[in-house]
Q: 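Sharing a structure, written as structure tokens. Questions coming.
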Amino acid sequence: MSGMKDGVDIARAALAALKAAGADKAAAGFSRGEQSELNVDAGKMSLYRSTVNVSVSVTAYVGGRKGSVSVNRYDDAAIRGAAEEAVAMARSSEPDPANDISPRRPLERFAFGPAEPDSAAMYERLREFVDYASSRYPDTRLEQCILNFAAGESSYANSNGAEFQERSGSYGFQAMFTTKKGEKASSFNYSGASHRGLALPLKDWGNVDLLMRQSTEQLEPGGVGGSFQGELVIAPDCLGDFISYLDGTYLGDYALITGSSPWKDKLGQKVVSPLFSLRSLPAGPGVEIGYSYTGDGFRAENCDLIDAGVLKNFTLGFYGSNKTGKPRCPSGGGALAVDAGVTALDDMIRDVKRGLLLMRFSGGSPSDNGDFSGVAKNSYLIEDGKIARPVGETMIAGNVASLFSSIRAVSRELVDYGSAVCPWALTGPVTISGK
Amino acid sequence: MKPDDIRRYAALFSEYTELRAQENRSSRISVLNGDVVGNASGSQAGLSARSYKDGVWGFASSPEPGDEAVAAMVAKAGANVRFLASVEGRGSGVLPRRPGRSDHDLSAKKPRRGRKELIDFARDVDAYCVKRFPGLLSRSVGLSTLDMEKALVTSDGGEAYSLIPRALVAVSLTVEEAGEPIDLYDIFGGRGQFEDVFDTPEALYPQLDLLIERLKEKAKGAYAKPGTHEVILDSDLAGILAHEAIGHTVEADLVLGGSVAADYMGREVASPLVTLVDFAHSALGETCPVPLWTDDEGTEGRDAVLIEKGVLRSYMHNKETAAHFGAEPTGNARAFGFYDEPLVRMRNTAILPGSSKLADMIASVDDGYYFLRSSNGQADSTSEFMFGVVMGYEIKGGRLGRAVRDCTISGVAFDMLKTIDMLSDDMSWTAAGMCGKKQSIPVGMGGPAVKCRINVGGRS
């Protein structure tokens, strides 16, 4: 895509088109990206995929009314057409004083990671992983593995004069696998990560190697013997799922605008265990793959969401902040890192009388009150401080806020997913039920 | 864009190749507590080429139209497959063929509604909910539409054009009960553009009345008791059962990846009452929610009878898995965007109706549950499944009792299917489903009410 116009210039041209069409405030974004991807299916390298795409997104504000259009063409006619449509859509909408754009900020440009893939190294790393998996875990099948490199630039401009541009390149790897021996099969499991380079073997990305080893142990899961109140040692992959529930139910725009968040009046108060700290670190360095600006046109700044159990920030965007009168999240709410604790994982397990080592959670979306329930997948029964056996057909139920309030140990071990960092956590009790 | 517009590029093919031109047009209006918080539309248009050689694939896509850009893209797909074949090639890789030739435009013939009319529609629905239930803590109304337009030419003779639209209205309501928010949602609509699917907001009022009444019952409801219970799954849950719990395990690529269904072909996997079909485009005399006459590999779509009277009869195939298993391709290769490669995907997956009346089914349960609406579902290679349930009732002594709060149900499909002892004599489709296997794509799911034994999880 060399020789193309600068993305900021395209965003500025879109702003001019929005103003010419009648917008009194406007915001525009332009992105273009290229992706190279190698796929493994059923244990065999199967597909080499190259994609190119662009996006122009324009938002018009007319008298507090808003309309947005995105297209993947950026010639003058396409930009003009999108701008006129956005203005017409805004005029059809209803005014809302919370609709606004970020204040002026002189253009800042950011660049992270490589601009081009190392295609030979990608193939070699993936070949090495397939060979490792087949020799180390011969009964484990790689259902699907994807190694990709994505590079591109994104630019933002609004009519107040806020402008950003970011160029970024990174590799992503996801492996999904199951173990099958005769007619017995384990539950599938998966892990992966994103990194700027290919220095590490793929088996060491995220929790891939540990989960593959565990998969070989899970061909004959047992039961838990009925229903009981037990503790959970939650794996980092799985803790990330519960953090996303925490965000959606207690911290995010929807929960706060609708007023359903049980924490809507608890900013600055203790909401969970003092052992739990959750940071949003888009500017690094604690999280490798961050971002430089937010979707609503602010410089992304690191911030604490929860510090030693105290609620420091919601994850409200600019609109949500204007709507609720509560502070905007300075980070945009991504690139999450949970602080390591002081307890070794083995000691956490030793401290459990009866409960589960929860490796994956397959659950329904939590209710607005935070209640959740679902199936403990790829998990183990812990009895008297020891891992007793893998379990199947086992369900857990509890409340998201209670789960984080009851944390009584956080591991000193961390798993680095590139775009997030997470430890293990010991919490409970929750309801555990099964055969 | 029609096949006529891209056929000339077939001269550029050097290997087995599929060339697809596609545009997805989407629109969304969101009203939250009466405010229009979302008012957006978008388009993603472009072309892709996929080539096959010696058992491996090369793919390339670009948003750029024009002869030069298309030629470069076709060449890139060819270069990708030749590179991968040179290092990973696995023999001749001959693909079976059953070329489809079809042309289906399901766009509305009525005058299209303007943006303001659509926003007013959503605000009317919102206002009606407030009027009927002034005590609501919050409400959300979302209008969403998606038009998928595709033109396809393949080197083995497949040619197809389709424009398949979908229009949905989602309503989510929350009430506060004893200081806790209790929510319930429903989704209306399905195949077709908005004008063909929805008439006036007033036509939705009876369904909104039902949603509000159920939310009131749920707010006063009880928690389901954890454990294994006799339950009746209404058609919404029967559809997700067909799709998640069974359908995914018999997608041939997942069978190759380790699904337990690999060992079950020709064996009894369900009650003899159960026949389960993945319909291509028509079922029981009607066009399906997500009709597919020719798939994205250019194969004519045919129904895949997966389970017939309890016996596993077929997997769902693309060309490559059909070749592997020595079967006919079923036309299940589907891609969501122009930048996506076709995968083995379900189309319209349903359990066929039985002969029982729902009232008799409820009357036959002494102590159990009647579950009506799911939130989400997940499946596993072992056929163990999980569905979130957001609406249901206790059944006590053959009669419906209190509503129940949110819970989760689970089981091992190929065990649970054998416990089915009644199916209702009617069925309905869920036309709002999105399946998330690598790419998210619309699917149809359907079924009758199903009586079975299942694990229930939740706060006791």
Side-chain angles (χ1 to χ4, degrees), chain A residues 41-42 44-54 66-73 85 88-90 92-94 96 123 141 143-144 178-180 183 185-188 227 254 257-260 262 319 323 362-365 367-369 371 373-375 377 392-393 395-398 431 433, chain B residues 32-33 35-36 39-46 56-63 76 80-81 83-84 87-88 114-116 119 137-138 174 180-183 226-227 253-254 256-258 260 263 339 341 375-376 378 380-382 384 386-389 406-408 410 412 455 457-460:
Chain A
D41 287 289
K44 294 174 179 169
M45 225 176 288
S46 58
L47 170 68
Y48 182 10
R49 174 171 173 251
S50 305
T51 63
V52 179
N53 209 353
V54 297
K66 189 171 100 169
S68 301
V69 173
S70 67
V71 295
N72 66 337
R73 300 286 306 275
E85 186 183 347
M89 286 169 59
S92 299
S93 189
E94 295 295 314
D96 185 341
Y123 173 75
R141 298 191 189 183
E143 281 190 59
Q144 185 169 65
T178 189
T179 299
K180 192 157 191 316
E183 292 198 4
S186 71
S187 291
F188 71 74
S227 178
Y254 184 88
I257 293 172
T258 60
S260 65
Y319 174 82
K323 198 71 186 168
S362 174
S365 308
S367 310
D368 281 356
N369 64 6
D371 285 354
S373 60
V375 181
K377 311 288 288 195
E393 295 189 69
M395 304 188 80
I396 61 172
T431 302
S433 59
Chain B
L32 192 57
N33 287 350
D35 293 325
V36 182
N39 179 24
S41 69
S43 162
Q44 286 282 308
V56 297
W57 297 91
F59 180 94
S61 70
S62 168
K76 180 68 175 167
N80 283 355
V81 76
F83 165 74
L84 202 54
V87 290
E88 296 282 333
R115 197 76 185 176
K116 181 149 188 6
I119 290 171
L137 177 66
S138 71
T174 304
E180 284 197 338
I182 306 296
D183 58 298
D253 56 339
L254 297 190
L256 288 169
V260 289
D263 303 304
Y339 40 76
E341 77 280 17
S375 56
N376 64 331
Q378 292 171 9
D380 201 331
S381 44
T382 59
E384 188 178 22
M386 177 289 307
F387 308 146
V389 175
D406 293 355
C407 66
T408 305
S410 73
V412 173
N455 303 324
R459 252 162 59 162
S460 50

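Note that this is a predicted model, so its numbers are computed, not measured. Residue numbering restarts at 1 for every chain, and letters A, B, ... go by the order of the sequence lines.
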Q: For Gly257(B) and Glu143(A), which heavy atoms make the closest approach, and how far apart are they?
A: O-CG, 3.1 Å

Q: I'd like to check the ring pair (Phe, Tyr, Trp, His ring centres under 6.0 Å) partners of Phe188(A); sequence neighbours left out, ordered by chain and number.
A: none

Q: For Lys323(A), which of Leu32(B), Asn33(B), Asp35(B) qualifies under side-chain contact (heavy atoms from CB on, under 4.5 Å)?
A: Asp35(B)

Q: Name the region of Ala88(A), side chain, backbone, both or neither, that has any atom closer than 4.5 Å to a heavy atom of chain B.
A: neither

Q: Rounded to the nearest 0.5 Å, how far does OG of Ser367(A) lie from CG of Asp183(B)?
A: 6.0 Å

Q: Does the Asn39(B) side chain pair with the main chain of Lys66(A), one donor and one acceptor, at a distance under 3.5 Å?
A: yes

Q: Within this structure, what is the OG1-OH distance for the pair Thr51(A) and Tyr339(B), rounded to the nearest 0.5 Å?
A: 9.5 Å

Q: What part of Phe83(B) gets within 4.5 angstrom of chain A, counting heavy atoms only: side chain, backbone, both, or neither?
A: side chain

Q: For Ser433(A), is it the side chain, the backbone, both or neither that has a heavy atom under 4.5 Å from a heavy atom of chain B?
A: side chain

Q: Could you grab the distance from atom CD1 of Ile119(B) to atom OG of Ser92(A), nearest 0.5 Å is fine?
A: 5.5 Å

Q: Apply side-chain contact (heavy atoms from CB on, under 4.5 Å) to residues Ser61(B) and Val52(A) and explain how you reach the verdict.
A: CA-CA 6 Å; Ser61(B) 70; Val52(A) 179; 5.9 Å; no

Q: Step through it carefully: locate the ring centre of Phe59(B), locate the ring centre of Tyr48(A), and say whether they are under 6.0 Å apart.
A: no

Q: Only pairs of heavy atoms separated by less than 4.5 Å count here; which of Ser375(B), Ser62(B), Ser410(B) has the most with chain A?
A: Ser410(B)

Q: Of all of Gly46(B), Gly42(B), Cys407(B), Gly258(B), which one pairs up most often with chain A through heavy atoms under 4.5 Å apart?
A: Gly258(B)

Q: Quick one: does Glu384(B)'s side chain have a donor or acceptor within less than 3.5 Å of a partner on Glu393(A)'s backbone?
A: yes

Q: Between atom CG of Asp368(A) and atom OG of Ser138(B), what is the distance when rounded to the nearest 0.5 Å?
A: 6.5 Å

Q: Out of Thr258(A), Val375(A), Ile396(A), return the one with the most heavy atom pairs under 4.5 angstrom to chain B.
A: Thr258(A)

Q: Nearest 0.5 angstrom please: Met89(A) CE to Lys116(B) NZ, how far?
A: 14.0 Å

Q: What part of Asp96(A) lies closer than 4.5 angstrom to a heavy atom of chain B: side chain, backbone, both or neither?
A: side chain

Q: Using non-hydrogen atoms and a 4.5 Å limit, figure out which bit of Val81(B) sits close to chain A: side chain, backbone, both or neither.
A: neither

Q: Can you give me the closest heavy-atom contact between Met45(A) and Val56(B), atom names plus distance?
A: O-CG1, 3.6 Å

Q: My understanding is that only residues two or more places apart in sequence, or in another chain, count here; which of them pass side chain to side chain donor-acceptor pair (under 3.5 Å) with Ser381(B)?
A: Thr178(A)

Q: Heavy-atom distances under 4.5 Å only: say whether Thr179(A) touches chain B with side chain, backbone, both or neither.
A: neither

Q: Are Asp406(B) and Asp371(A) packed together at the side-chain level, in the sense that at least one heavy-atom pair is separated by less than 4.5 angstrom?
A: no

Q: Do you know the tightest heavy-atom contact between Val260(B) and Glu183(A)?
A: CG1-O, 4.4 Å

Q: Nearest heavy-atom pair of Gly259(A) and Leu137(B): which atoms, and what distance?
A: O-CD2, 4.3 Å

Q: Does Gly363(A) offer a backbone N or O that forms a donor-acceptor pair with the side chain of Asn376(B) under 3.5 Å?
A: yes

Q: Among Ser362(A), Ser186(A), Ser187(A), find the one that has a side-chain contact (heavy atoms from CB on, under 4.5 Å) with Asp380(B).
A: Ser187(A)

Q: Might you work through the side-chain hydrogen bond (donor to acceptor under 3.5 Å, both in side chains) test for Gln144(A) and Asp253(B), ending with a clear yes or no?
A: CA-CA 10 Å; Gln144(A) 185 169 65; Asp253(B) 56 339; over 6 Å; no

Q: Compare every heavy atom of Asn72(A) with every heavy atom of Pro63(B), then report the nearest pair and how far apart it is.
A: CB-ND2, 3.6 Å

Q: How long is the straight-line distance from OG of Ser43(B) back to CD of Glu85(A), given to the nearest 0.5 Å?
A: 9.5 Å

Q: Between chain A and each of Gly227(B), Gly388(B), Gly114(B), Gly58(B), count heavy-atom pairs under 4.5 Å; write down the option with the most.
A: Gly58(B)

Q: Would you call Arg49(A) and Glu341(B) a salt bridge, taking side-chain N to carboxylate O under 4.0 Å as the test?
A: yes

Q: If every non-hydrogen atom of Thr382(B) is compared with every non-hydrogen atom of Ala185(A), which pair is closest and at what distance?
A: CG2-O, 3.4 Å

Q: Is it the case that the side chain of Thr408(B) and the backbone of Ser373(A) share a donor-acceptor pair, with hydrogens and angles ignored and the cut-off at 3.5 Å?
A: yes

